[in-house]
Enquirer: 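Here it is: the structure, laid out below.
First the proteins, then the strands, lettered A, B, ... as listed; each starts at 1.
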There are 2 protein chains.
Amino acid sequence: MRLSTKGEYATRAVLYLSRRHGTGTVQINEIAHNEGIPTKYLEQILLTLKNAGLLISKKGVKGGYYLARPPEEITVGEVVRVMDGPLAPIRCASEKFYERCSLEPSCGLRGLWLEVRGAISGILDNRTFGDLCKSIDQHQREPMYYI
Amino acid sequence: MRLSTKGEYATRAVLYLSRRHGTGTVQINEIAHNEGIPTKYLEQILLTLKNAGLLISKKGVKGGYYLARPPEEITVGEVVRVMDGPLAPIRCASEKFYERCSLEPSCGLRGLWLEVRGAISGILDNRTFGDLCKSIDQHQREPMYYI
DNA sequence: TTAAAGTCGACAAATCCTATAGAAATTACC
DNA sequence: GGTAATTTCTATAGGATTTGTCGACTTTAA
């Protein structure tokens, strides 16, 4: 029932960019270094997020990435879905990626998976990166370090 | 955030065995056929469940599998953990498979993943296969078909 | 013009899913 | 009681997917 590393890295990267929101572009290297993510792998991930319209990139010297929308308007669920697909444990219990299963009518488990999906989406679709930034700032008064 | 096919097949198989509980041994083939699971793959899965102490097997003619405990005493969470490991989306948010992560102290996401883990385990650890059997019997009055 | 970035494609390694081939154990039957 | 049939058990091999790496290419600011 786990998140792929892609999903994990993506959420970490977007959170990082959220905390840097409004301070211009951020380079892949900086994120990779501070979050302990393999640089080349992170490249692919950020590219996917960009193609999904969540990030904007700038090439060349002083280039980098930044959020396409303010952190308050990006939910964790959105990022996870871009990288990992459905939130639901199995396909036939997904709302946004639903696929019919031949056993569905008599399936004694589908109700349970729907319940799980609901619980997960209830959390991830209602939590924005703005919320996360806020609770970080409350807990640790130290400002963020840049390299 | 999805369940592996192993986890899905295992829960289906255990539910099948739950509905047949008390009727003697059930062959791999019967389960595989009725649940649409590749036979040889199911063999491995049932073996794992047996080694985990959830099932008992009998070799030879008229052999097969049956539950080691009544369905009311087996939770879905237990089966999923045997096959898939942690219920938590990522390792550092797991209770039973916890692994420390170097970024943990400053991690802005761990709280969220803990919340997700709690929601999932709140459902799966409190639902037994006995419960599932009961709600199946309520919805469809037809008895179960055997081959 | 040069160095610093993102972009792209191919490839390597690990894990997941499934199939194949047979060994071991048990029952049934002659 | 021995042989055949049935079923689980074990090991292994191969394809698919995930995870990550490498090198060359493109764009841009200074």
Enquirer: Would you say B/Arg12's side chain and B/Glu35's backbone share a donor-acceptor pair under 3.5 angstrom?
Expert: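 Yes: the side chain of B/Arg12 pairs with the backbone of B/Glu35.
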
Enquirer: Ignoring backbone atoms, establish whether A/Tyr65 has a side-chain N or O less than 4.0 Å from OP1 or OP2 of C/dT7.
Expert: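 Answer is yes, contact under 4.0 Å.
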
Enquirer: For A/Lys58 and A/Lys6, take the nucleotide of DNA chain D holding the closest heavy atom to each; which residue's nucleotide lies nearer the 5' end?
Expert: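 Residue closer to the 5' terminus by nearest nucleotide: A/Lys6.
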
Enquirer: With sugar-phosphate meaning primed atoms plus P, OP1 and OP2, does A/Leu46 contact a base, only sugar-phosphate, or nothing at under 4.0 Å between heavy atoms?
Expert: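 Here A/Leu46 touches no strand at all.
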
Enquirer: Taking A/Lys62's backbone N and O only, do any of them form a donor-acceptor pair with A/Thr25's side chain (distance below 3.5 Å, no angle check)?
Expert: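 Flag set: sc A/Thr25 to bb A/Lys62 pair under 3.5 Å.
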
Enquirer: Which nucleotide wins on minimum distance to the side chain of B/Val61, given the candidates C/dG6, D/dA5, D/dA29?
Expert: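 Among C/dG6, D/dA5, D/dA29, the one nearest the side chain of B/Val61 is D/dA5.
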
Enquirer: For A/Gly60 and A/Pro38, take the nucleotide of DNA chain D holding the closest heavy atom to each; which residue's nucleotide lies nearer the 5' end?
Expert: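 Closer to the 5' end of DNA chain D: A/Pro38.
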
Enquirer: Using only heavy-atom distances, decide whether a donor-acceptor pair under 3.5 angstrom links the side-chain of B/Gln44 to the base of D/dT10.
Expert: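 Under the 3.5 Å cut-off, the side chain and the base do not form any donor-acceptor pair.
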
Enquirer: Looking only at the side chain of B/Thr5 (C-beta and beyond, no hydrogens), which of the listed nucleotides D/dT21, C/dC17, C/dT27 gets closest?
Expert: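 Comparing D/dT21, C/dC17, C/dT27 against the side chain of B/Thr5, the answer is C/dC17.
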
Enquirer: Using only side-chain N and O atoms of B/Ser57, determine if any of them is under 4.0 Å from OP1 or OP2 of D/dC9.
Expert: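 For D/dC9, OP1 or OP2 has a side-chain N or O of B/Ser57 closer than 4.0 Å.
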
Enquirer: Students often get this wrong, so: under 4.0 angstrom with heavy atoms, is B/Lys40 touching a base, only sugar-phosphate, or nothing?
Expert: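 Result for B/Lys40 = base.
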
Enquirer: Which listed nucleotide (D/dT10, D/dT26, C/dT26) is nearest to the side chain of A/Lys59?
Expert: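 Side chain of A/Lys59 sits closest to D/dT26.
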
Enquirer: Touch check for B/Ser4, heavy atoms < 4.0 angstrom, all strands: base, sugar-phosphate only, or nothing?
Expert: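 Contact class for B/Ser4: sugar-phosphate only.
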
Enquirer: Report yes or no: do B/Glu30 and B/Tyr16 form a side-chain donor-acceptor pair below 3.5 Å?
Expert: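 Distance-only check passes for B/Glu30 and B/Tyr16.
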
